[in-house]
Amino acid sequence: GENVEQHPSTLSVQEGDSAVIKCTYSDSASNYFPWYKQELGKRPQLIIDIRSNVGEKKDQRIAVTLNKTAKHFSLHITETQPEDSAVYFCAANGASNTGKLIFGQGTTLQVKP
Amino acid sequence: DSGVTQTPKHLITATGQRVTLRCSPRSGDLSVYWYQQSLDQGLQFLIQYYNGEERAKGNILERFSAQQFPDLHSELNLSSLELGDSALYFCASSPHVLANTEAFFGQGTRLTVV
């Protein structure tokens, strides 16, 4: 069935270091891969997304890469700041002709000052 | 503020009871989604409505049902509640039927079943 696996489940880095979160999806028909950030007690918010027709996308300190062949996509955060501390979720679109998103289990990122 | 409004913010109820969660999507959005987030769990897709019609279903329990009204707001009904139904329930909306653009999430309803 449809599945998205996300690793690691927790990640602790020093301020200024880079953080990488990896996801694997199962449905080869998936073509949209968003990343959401959820701060404690708050709603998930989109931080970046990528479609299957591109391999990489950057937005300031955040970048996402996609390897369709391996069905992997990754989030890269450079020059991390304490305010980057949150739970990050990757997702892939599910069944065709719907808006269903399959989310990974989340990565809790802690950036130590 | 995402533009998606969910009420109530918090709900405490007893086992066996029934509750209704309400969601108003962003202006102009035709798709409404419901997700469940249990403690230490990711976001589990429950159901999608598009312009009043059910479009996709996830692992939604038979005790749960939803609908989208002509004004596009949606309600999620949870009945015969069990302790394990305690969770954050998020509503999200997007303009189109397909998941190829940002889905905007509401602030969620925290349901506690005691």
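Below, chain A is the first sequence line, B the second, and so on; all start at residue 1.
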Trainee: Any side-chain donor-acceptor pair under 3.5 Å between B/N77 and B/T20?
Mentor: yes
Trainee: Against chain A, label B/Y50 side chain, backbone, both or neither, depending on which of its atoms sit under 4.5 Å from a heavy atom there.
Mentor: neither
Trainee: Does the distance from a Lys or Arg side-chain N to an Asp or Glu carboxylate O, for B/E53 and B/R55, drop under 4.0 Å?
Mentor: no
Trainee: Check whether B/Q48 gets within reach of chain A through its side chain, its backbone, both or neither, counting any heavy atom under 4.5 Å.
Mentor: side chain
Trainee: Between A/F33 and chain B, which part of the residue has a heavy atom less than 4.5 Å away: side chain, backbone, both or neither?
Mentor: neither
Trainee: Might you point out which heavy atoms bring B/V32 and B/S74 nearest each other, and give the distance in Å?
Mentor: CG1-CB, 3.6 Å
Trainee: Relative to chain B, which segment of A/P44 carries a heavy atom at a distance below 4.5 Å: side chain, backbone, both, or neither?
Mentor: both
Trainee: Determine whether more than 12 heavy atoms belonging to other residues, nucleotides or ligands lie under 6.0 Å from atom CD of B/E54.
Mentor: yes
Trainee: Please name the pair of heavy atoms, one in A/I48 and one in A/K57, separated by the smallest distance, quoted to 0.1 Å.
Mentor: CD1-O, 3.7 Å
Trainee: Chain B: which of A/R43, A/Q105, A/Q6 shares the most heavy-atom pairs with it under 4.5 Å?
Mentor: A/R43
Trainee: Do you know which of A/D49, A/L101, A/V87 has the most heavy-atom pairs with chain B at a distance under 4.5 angstrom?
Mentor: A/L101
Trainee: Out of B/G108, B/A92, B/G42, which one racks up the most heavy-atom pairs below 4.5 Å with chain A?
Mentor: B/G42
Trainee: Are more than 12 heavy atoms, taken from residues, nucleotides or ligands other than B/L61, located less than 6.0 Å from that residue's CG atom?
Mentor: yes
Trainee: Which atoms of A/Q38 come close to chain B, meaning under 4.5 Å heavy atom to heavy atom: side chain ones, backbone ones, both, or neither?
Mentor: side chain
Trainee: Can you confirm whether the side chains of B/N100 and A/N31 place a donor and an acceptor under 3.5 Å from each other?
Mentor: no
Trainee: Tell me, out of B/K57, B/Q6, B/Q37, who's got the most heavy-atom pairs with chain A below 4.5 Å.
Mentor: B/Q37
